[in-house]
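Within every chain, numbering begins at 1; the chains are lettered A, B, ... in the order of the sequence lines, protein sequences first and strands thereafter. For the numbers below, each heavy atom of this structure counts, side chains included, while hydrogens, waters and symmetry mates do not.
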Amino acid sequence: LERGWNRENELPVYLAGTITTGPNQRKSYGMFSSADGAYDSKTVDCDNFAAGRRGTRTPRSVSRDRLLDHTDDDVPETASEASEVRAVGSQVSSPGEREVVRPGVEIEYPAGRQCHSGQKNGKSERLLIKGGRVVNDDLSQYADVYVEDGLIKQVGDNLEVPDDVRVLEVNGGLVIPGGIDVNTCLMKPHLGCPPVDDFYLGSRAALAGGTTMIIDHVTPQPGDSLLEAFERWQESADRKCCCDYSLHVDLPHWHPGVKDELEVLVQEKGINSFQVYMSYKDSLQMTDSQLYEVFSVLKELGAVVMLHAENGDLIAQEQRKVLSLGITGPEGHPLSHPEELEAEAVFRAITIGNRVNCPVYITKVMSKTAADTITLARRRGSVVFGEPITASLATDGSHYWSKNWAKAAAYVTSPPLSPDPTTPEHLHDLLACGDLQVVGSAHCAYSTSQKAIGKDDFTLIPEGTNGIEERMGFVWDKAVATGKMDENQFVAVTSTNAAKIFNLYPRKGRIAVGSDADIVIWDPDRTKTITSKLQQSALEYNIFEGMVCRGGPVVVVTQGRVVYEEGEGLRVQQGSGRFIPRQAFPDYAYQRITTRSKVKGKQGVSRGMYDGPVYDVLATPKYITPSPSAKTSPTSQQPPPIRNLHQSNFSLSGAQFDDNIPRRSGQRIVAPPGGRSNITNLG
Amino acid sequence: MAERKLLQRDSDDEGSLLSKLGTDSPKPRVKFGGMFCNVEGAYENKTLNFESYNSSPQSVRRHVKIKNEEKCWSDTFSDTGSVSNFSGEGREEGRGESDWGTTDRLIIKGGKIVNDDQSFYADVYVEDGFIKQIGENLLVPGGVKTVDAYGHIVIPGGIDVNTSLQTSQLGMSPSDDFYHGTKAALAGGTTMIIDHVVPEPGASLLGAYDQWKDIADRGSCCDYSLHMDITRWHDGLFEEMESLVKNKGVNSFLIFMAYKDKFQSSDSQMYEMFGIIRDLGAIAQVHAENGDIIDEEQKRLLELGITGPEGHVLCHPEEVETEAVYRAITIAKQANCPLYITKVMSKSAADVIAKARKKGMVVYGEPITASLGTDGSHYWSKNWAKAAAFVMSPPLSPDPSTPDYLNSLLSCGDLQVTASGHSTFSTAQKAVGKDNFTLIPEGTNGIEERLSIVWEKAVATGKMDENEFVAVTSTNAAKLFNLYPRKGRIAVGSDADIVIWNPKETKTISAATHTVEINIFEGMEVRGAPVVVLSQGKIVLEGGKLNVTEGSGRFVPRKAYPDFIYKRIKARSKMADARGVPRGNYDGPVHDVISMTKSVPATPSSRGPQCPGKGPLGPTRNLHQSGFTLSGTQIDDHIPRRSAQRIVAPPGGRSNITSLS
């Protein structure tokens with residue numbers, strides 16, 4: 001089955017080329033106005049890139065075509081070529097005097113609900129978002145946004161638009177780029193059973209929460225082929241996913257053959273991030289040597305290394321200890337995964353990353369100590385990114401001690417939530433100041449009955465919490481509404497930074513001409529109580545149950561279509577999500593790395609040959625091989641010491657029977673015949 | 001503290017105060033509670049209680065009374081041997097007796113006694129290798145040798161807790177053996193060493209211990225004790241460790257996190273080992289470097305064609321040390337085991353220790369002479385022999401501000417002990433690695449220079465006071481390794497290991513006076529030097545002349561559970577019990593697990609020494625597979641299974657316990 005996004009179209013050109021950044025002076029024209037020329041260098045000139053390309057820039061691409069074969073008959077043909085309504089250069093608004101209207105959304109339909117039909121019969125939706133405050137990670141401004149063909153065509157005031165467009169009057173509401181959730185596991189099986197939220201339910205929940213793109217983890221089992229697993233995931237997502245998606249691939253094992261698969265994935269399949277595990281002893285865990293090799297290989301390929309950072313060796317020991325104490329409930333999970341082990345692994349991962357000179361991305365930052373470790377490393381100049389998740393940002397691990405088993409088990413995830421109730425605050429502080437960069441959800445939903453597999457042994461409880469739908473809301477509620485963070489940083493951590501790190505920028509993560517029309521109208525004042533009854537997910541238990549959350553999406557636009565409106569609910573189409581390939585060597589992560597590789601070459605010292613005396617080393621270093629009979633280890637896990645034929649020649653040989661006679665052989669030869677040569681003299 | 005120092009400074013204008021010393025007129029200071037006098041009864045709880053060490057009942061209550069019954073001192077030490085032979089070996093008893101007739105009696109007059117807690121002027125009377133009296137106007141027998149200490153300070157002899165005088169590398173014995181090493185130690189004011197026993201991987205610990213002890217008994221000129229290094233796991237290791245702790249007087253074990261495929265232990269092993277060590281009441285020491293990374297970097301550097309000694313420091317970067325220190329502390333915290341980091345060589349590693357201590361971990365750090373006195377810039381020396389002389393692991397940091405920084409941490413108590421890491425190899429021996437830096441035997445000198453360098457770098461510069469100097473060179477080590485107050489203190493009943501230190505003497509360190517050909521401190525000028533050194537009550541250094549006897553050093557056994565460390569550990573063990581939550585049984589629906597588990601290869605024992613060479617090349621079937629496994633994907637994965645919905649309402653209704661509230 002020959003697949004691949006670049007089968008006929010190669011890379012989308014805008015990804016291939018870097019954005020030309022001209023030297024632009026920021027001149028301020030008023031408090032809220034954008035700087036002169038601010039967009040010129042940042043937006044994608046899609047006509048320029050898409051010139052002569054067939055189909056690449058259409059909202060429905062290969063995956064949709066494929067979909068046609070299977071299910072939906074009324075899915076429209078791929079639409080048009082480049083738009084006829086060409087952005088005439090963005091007009092800069094000068095809205096200092098514009099009065100702030102109470103946000104509220106009115107949707108005008110040009111000719112009696114044509115939009116719906118338009119959507120159905122295949123014409124791409126033309127949409128004008130009027131009167132909103134466009135918030136990007138670098139500035140906010142009042143501007144209208146015109147969307148056509150799934151792309152943002154114009155941003156500015158007084159736009160020239162065709163007559164029959166649908167108009168969203170947002171009255172000063174926030175217009176932000178759709179969220180990007182970079183950590184979901186919608187297909188990760190546990191003991192053979194998949195999570196209850198698959199790509200369909202999961203991406204529905206994402207859209208309902210204002211997230212318009214997900215990056216899911218492909219989790220092959222040890223021994224599986226990475227490529228096959230990737231295809232399986234892609235196929236499933238193509239059929240089900242309602243929003244754009246991309247994939248990370250997890251490395252369950254390491255041997256030289258994997259390297260070839262990685263090359264294919266990076267160079268032909270559009271994967272630029274791979275996760276490795278420092279935990280899960282005896283299944284996924286890798287040794288430091290393996291990590292070093294993996295890092296080296298991935299650096300060559302220009303990929304981002306993601307790490308599940310926990311010390312698996314110690315966790316295995318602690319689990320054994322906790323079980324032997326008779327603790328079998330979910331509280332055993334945090335007891336056997338103390339946060340020091342997370343921090344230790346983060347520290348080690350960063351150290352290896354520094355040695356290899358490779359960007360490191362820590363998934364699921366759950367504790368203060370781990371976050372602090374990342375902060376310190378960044379301060380020392382390491383290229384490291386940290387991703388707290390919804391759960392660690394909104395709740396804490398005290399619930400593991402709940403008397404209700406089902407509730408306690410619902411919180412089980414790895415690394416676990418920290419029982420320290422000040423953790424969420426601290427993580428939000430670090431997010432706000434930029435020490436942590438990305439918010440994920442690690443959404444991996446297992447039903448209570450699936451969790452109950454581990455009812456007598458907490459180590460068998462499937463790990464995963466929900467959060468894909470609540471992600472944006474809680475960041476707003478806990479950080480922006482409390483004044484820790486401004487709306488621009490909110491956009492950065494929920495969308496833009498992720499797009500930059502994983503090389504989706506500026507196609508995603510920005511409201512600019514040429515970007516994908518993944519847009520969310522955000523209402524800062526909306527209040528919502530989280531409950532499993534109103535959620536999209538199929539989970540019976542929501543770990544945020546009963547929490548009140550300020551801020552939420554009013555309208556969600558993905559691929560240029562309105563898929564969610566408050567009050568009307570979701571209108572999604574199964575399988576409409578496209579796979580978004582990502583190129584290697586993302587600038588955001590690799591610019592520094594590349595420069596460092598150049599300047600940090602190691603050089604030896606050129607000396608003359610040492611020509612002094614050399615001590616004779618016994619030709620065969622004595623290596624005492626103990627008799628195999630007696631040697632089984634105290635831990636019963638150790639193979640007996642055996643003679644190792646690959647042994648390095650660095651060896652301390654055994655004690656000699658004449659050791660008691662002081663050997664002063666050095667003195668014997670320090671004055672060799674012919675006198676000492678120059679080079680060994682101390683000068 | 002500050003007050004005391006002020007008072008001392010007053011006393012430093014020596015004239016009037018010192019002139020009265022030794023005269024017959026009673027001085028106000030003699031009174032208890034006087035300015036420089038120790039508090040009444042101060043020694044009673046600090047001096048050795050020999051009965052507790054000694055199983056033989058005949059010496060009951062004798063020594064305790066010394067202070068009060070000074071006049072009957074002469075018959076109190078009839079069984080000197082009993083002090084040195086509590087390991088119960090006949091040979092030592094014999095020597096104890098033979099020493100009987102020759103013991104020096106001497107009095108040290110006019111010096112300022114400096115302990116780790118206070119300084120005061122007093123005379124010290126030594127007999128039979130013990131300190132018998134401290135104070136003024138001591139009643140001593142006639143004909144006693146008088147040692148003049150006017151203008152000098154009298155400090156407890158240094159304790160060097162990290163030497164390798166017998167550890168051979170690549171079959172080469174170090175050029176300083178026990179005799180030469182301890183001679184150098186005494187010359188520098190160190191009167192006790194603790195040497196590392198490094199058994200061959202897989203060999204018996206007890207065998208190696210006996211071998212080391214045998215050699216040291218014959219060669220050592222000063223008292224010594226032994227650390228045991230764990231080089232490989234083997235059957236009966238635990239029993240051997242237990243026997244070492246309970247019968248052989250060893251209370252410290254070193255574990256390697258470096259030397260991949262050789263000595264290195266995995267995290268699991270360290271965790272288990274720490275648990276065992278804690279249960280035995282011993283101290284875990286680690287050689288902290290990430291051997292996996294070093295191994296990879298060594299390969300890479302050799303590929304790049306870097307073969308000189310600078311390759312050593314390039315492949316042992318400082319953060320690799322830091323990472324291992326951090327990991328060791330994490331593991332020790334989990335196992336609730338006291339941890340001692342040997343050879344703290346870099347600023348960042350020292351910082352990690354300092355931070356961990358601030359979080360309450362029981363962890364101690366030991367910078368060594370080399371890291372306190374010099375830096376790693378010499379690895380780039382054009383002179384191969386010189387560059388190679390600095391090769392040791394972890395290497396000296398190329399950052400020239402490192403020594404200052406470590407001295408500062410030492411002064412404020414974040415680091416506790418100074419050692420030397422003394423392990424010397426001649427240039428010819430180092431030259432084994434002339435074409436490959438990984439073969440250069442590792443080790444630097446420092447046993448002799450240790451005290452002087454700490455004085456020069458810390459005390460003379462004003463970072464540290466003389467009391468702290470005593471603490472980091474002697475007292476802290478004695479406390480950590482349970483030698484206190486026998487060693488590490490000038491007090492009645494303590495061993496007469498005394499150094500008379502001249503803070504003003506200046507000398508230049510040079511290889512000319514040493515057994516090694518290249519001294520890494522060559523040309524360094526240091527203030528502070530020992531004038532007189534007493535070991536076991538005998539003068540071994542006076543007037544620049546060493547007078548040592550080969551084999552006169554005694555093995556000093558150390559008991560388990562040093563108070564200084566274990567008080568906190570014990571309290572934490574009691575508190576730290578994890579408890580489960582009492583719940584009713586979960587009686588809700590349980591998802592069916594398809595009993596199809598795939599074979600999963602065991603994690604190739606990370607960092608373990610037992611899988612030398614390459615890791616496994618591909619997935620292999622593992623017969624010892626653990627029960628925890630993620631099974632494979634199923635063919636019907638694409639059909640959304642909503643099994644939860646199928647069974648959330650079991651027949652009979654949902655029970656209370658699973659309802660969500």
Q: Let me see the working for Gln334(B) and Gln317(A) under side chain to side chain contact (heavy atoms under 4.5 Å, CB included), right down to the final yes or no.
A: CA-CA 10 Å; Gln334(B) 288 312 307; Gln317(A) 296 277 1; over 6 Å; no

**Q.** Pairs of heavy atoms under 4.5 Å with chain A: top-ranked of Asp295(B), Thr307(B), Ile331(B)
**A.**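 Top count of heavy-atom pairs under 4.5 Å with chain A: Ile331(B).
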
**Q.** Heavy-atom pairs under 4.5 Å with chain A, option from Lys430(B), Glu239(B), Arg300(B) with the top count
**A.**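 Top option by heavy-atom pairs under 4.5 Å: Arg300(B).
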
So what's closer than 4.5 Å to chain B heavy atoms on [X]: side chain, backbone, both or neither?
X: Leu291(A); value: neither
X: Ala343(A); value: both
X: Lys321(A); value: side chain
X: Thr373(A); value: side chain

**Q.** side chain to side chain contact (heavy atoms under 4.5 Å, CB included) assessment of Thr330(B) paired with Asn311(A)
**A.** CA-CA 10 Å; Thr330(B) 307; Asn311(A) 188 320; over 6 Å; no

Hey, what do you get for [atom1] ([X]) to [atom2] ([Y]), rounding to the nearest 0.5 Å?
X: Asp261(B); Y: Ser289(A); atom1: CG; atom2: OG; result: 8.0 Å
X: Glu293(A); Y: Glu296(B); atom1: CD; atom2: CD; result: 5.0 Å
X: Tyr615(A); Y: Ser175(B); atom1: OH; atom2: OG; result: 10.0 Å
X: Asp288(A); Y: Lys260(B); atom1: CG; atom2: NZ; result: 9.0 Å
X: Thr369(A); Y: Lys359(B); atom1: OG1; atom2: NZ; result: 7.0 Å
X: Glu319(B); Y: Ile350(A); atom1: CD; atom2: CD1; result: 10.0 Å

Of all of [options], which one pairs up most often with chain B through heavy atoms under 4.5 Å apart?
options: Arg355(A), Lys455(A), Gln319(A), Glu545(A); value: Arg355(A)
options: Gly326(A), Ala345(A), Ser606(A); value: Ser606(A)
options: Gly454(A), Gly329(A), Pro330(A); value: Pro330(A)

Q: List the steps, then state whether side chain to side chain contact (heavy atoms under 4.5 Å, CB included) holds for Tyr271(B) with Glu318(A).
A: CA-CA 9 Å; Tyr271(B) 180 89; Glu318(A) 294 282 339; 3.0 Å; yes

Using side-chain heavy atoms (C-beta onward) and a distance below 4.5 Å, is [X] in contact with [Y]?
X: Thr351(A); Y: Tyr326(B); answer: no
X: Glu297(B); Y: Tyr292(A); answer: yes
X: Lys403(A); Y: Pro582(B); answer: yes
X: Tyr400(A); Y: Val581(B); answer: no

Q: Run the salt-bridge test on Arg607(A) and Glu310(B) with the 4.0 Å N-O cut-off and return the result as yes or no.
A: yes

**Q.** Electrostatic pair Arg583(B)-Glu331(A), nearest N-O below 4.0 angstrom
**A.**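 Judged by the 4.0 Å cut-off on N to carboxylate O distance, Arg583(B) and Glu331(A) do form a salt bridge.
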
Q: Taking side-chain hydrogen bond (donor to acceptor under 3.5 Å, both in side chains) as the test, write out the residues that go with Ser381(B), two or more places apart.
A: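 Once residues adjacent in sequence are excluded, Ser381(B) has no partner under the side-chain hydrogen bond (donor to acceptor under 3.5 Å, both in side chains) criterion.
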
(Q) Using side chain to side chain contact (heavy atoms under 4.5 Å, CB included), reason through Ser348(B) and Arg380(A) one step at a time and then give a plain yes or no. (A) CA-CA 11 Å; Ser348(B) 49; Arg380(A) 286 194 303 263; 6.0 Å; no

Q.
Taking side chain as everything from C-beta outward and backbone as N, CA, C, O, which of these in Ile329(B) sits under 4.5 Å from a heavy atom of chain A? Side chain, backbone, both or neither.
A. neither

